[in-house]
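The next block holds one structure in the form of structure tokens; read it before the comments.
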Amino acid sequence: MKDMLDEIGATRRAVTTGTLPAGEAHVVALTREYPAAPADVWDAITTPERIARWFLPVSGDLRLHGTYQLEGNAGGQIRVCEPPRRLRVTWVLGEPGPEDDSRVEVRLDPTPTGGTLLHLEHVAVVPPAFWDQYGPGAVGVGWDLGLLGLAAHLAGTDPGDPAALEADPAMHEVMRTSARAWGAAHVASGAEPAAAQASAAATTAFYVPSDGA
């Protein structure tokens, strides 16, 4: 478990605001370094066979201006694809909303040691009541888990069966740690500490079963 908690600690988080065609938006950003070269990281995040090994099976017309669908999760359109540096997609869960009301962008920068600095931004127009209840952790914890899976994949380790991981007490602690980290990032962005802590607690309750406490 220590390795997984170290991985959570290796990510830098930021919470800001932005604007999309659909209106004012919240921005949840993650930055972390991988020892793998940018070409390898790019291949891992854009090749269907590899995406399925660390994230979810993906289908669709996987090209610029094409569409994608993650199994049981989000889908959308591929808006920017600049190998091996930049990928931007719309991110639609359930029924589509207004144009571009949620999007995800990943940027890869080479490091002096031959590794990769990955930047991920999820920009979304979020209903105020939902944001007030869960804050940035609602999507932030999910992205933390995704980057955890990517780290394992790039290291040549099988992340494991998702259903088994959901029931693993060690993974519950990872999700609690992630939720707390997003609460801290929320406070750093200017949120009132008590409100941010309450949102982090609500996020934890969403991700971690009560009997896993």
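The residues of the chain are indexed from 1 along the displayed sequence.
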*Can R85 be said to sit on top of W42's aromatic six-ring, NZ or CZ under 6.0 Å from centre and within 45° of the ring axis?*
no
*Could you tell me whether a side-chain N or O of T47 sits under 3.5 Å from a main-chain N or O of A44, the two making a donor and an acceptor?*
no
*asked:* I need the I8 CD1 to D3 CG distance, nearest 0.5 Å.
replied: 12.0 Å
_Minimum side-chain heavy-atom gap I45-V106 below 4.5 Å_ = yes
*asked:* Distance check, rounded to the nearest 0.5 Å: L150 atom CG versus E7 atom CD?
replied: 9.5 Å
*Hydrophobic cluster identity match, L70 and V80, side-chain contacts under 4.5 Å*: no
*Taking side chain as C-beta onward, heavy atoms only, is Q69 less than 4.5 Å from T67?*
no
*Output all residues satisfying side-chain contact (heavy atoms from CB on, under 4.5 Å) with V139, sequence neighbours left out; order by chain, then residue number.*
V28, H122, W143
_ILVMFWY network linking L64 to W91, side-chain heavy atoms under 4.5 angstrom_ = no
*Does the Y207 side chain pair with the main chain of A179, one donor and one acceptor, at a distance under 3.5 Å?*
no
*Are L117 and L147 in one and the same hydrophobic cluster, where Ile, Leu, Val, Met, Phe, Trp and Tyr link if side-chain heavy atoms are under 4.5 Å apart?*
no
*Quick one: does NZ or CZ of R32 land under 6.0 Å from the six-membered ring centre of Y34, within 45 degrees of the ring axis?*
yes
*Side-chain contact test, heavy atoms from C-beta onward, threshold under 4.5 Å: evaluate it for M4 versus L148 and give yes or no.*
yes
_If you define the side chain from C-beta out and look only at heavy atoms, does anything of L87 sit under 4.5 Å from T46?_
yes
*asked:* A side-chain contact here means heavy atoms from C-beta on lying under 4.5 Å apart; do L30 and D144 qualify?
replied: yes
*asked:* Whether the side chain of Q77 engages the backbone of R79 through a donor-acceptor N/O pair (distance < 3.5 Å, no angle test) should be reported.
replied: no
*Check: R13 side chain, T11 main-chain N or O, donor-acceptor pair, under 3.5 Å*: yes
*Determine the minimum heavy-atom distance between A39 and P84, stating which atoms define it.*
CA-CB, 4.5 Å
*Residue pair T116 / P38: nearest heavy atoms and the distance that separates them*: OG1-N, 2.8 Å
*Which pairs, with at least one residue in residues 58-69 and sequence neighbours excluded, count as a salt bridge (Lys or Arg N to Asp or Glu O under 4.0 Å)?*
D61-R63
*Might you confirm whether atom CD of E71 has over 12 heavy atoms from other residues, nucleotides or ligands at distances under 6.0 Å?*
no
*Is a donor on one side and an acceptor on the other found under 3.5 Å between the side chain of W182 and the backbone of G140?*
yes
*asked:* Tell me whether R176 is salt-bridged to E173, with the criterion being a basic N under 4.0 Å from an acidic carboxylate O.
replied: yes
_Contact between Q133 and P128 at the side-chain level, heavy atoms closer than 4.5 Å - yes or no?_
no
*Measure from the side-chain N and O atoms of S178 to the backbone N and O of V174, and report whether any donor-acceptor pair falls under 3.5 Å.*
no
*Same cluster for L56 and W54 if Ile/Leu/Val/Met/Phe/Trp/Tyr side chains link at under 4.5 Å?*
yes
*Any side-chain heavy-atom pair of E105 and R86 under 4.5 Å*: yes
*How long is the gap from CD on E82 to CG on L108, to the nearest 0.5 Å?*
11.5 Å
*Student check: side-chain heavy atoms of L145 and M171 closer than 4.5 Å*: yes
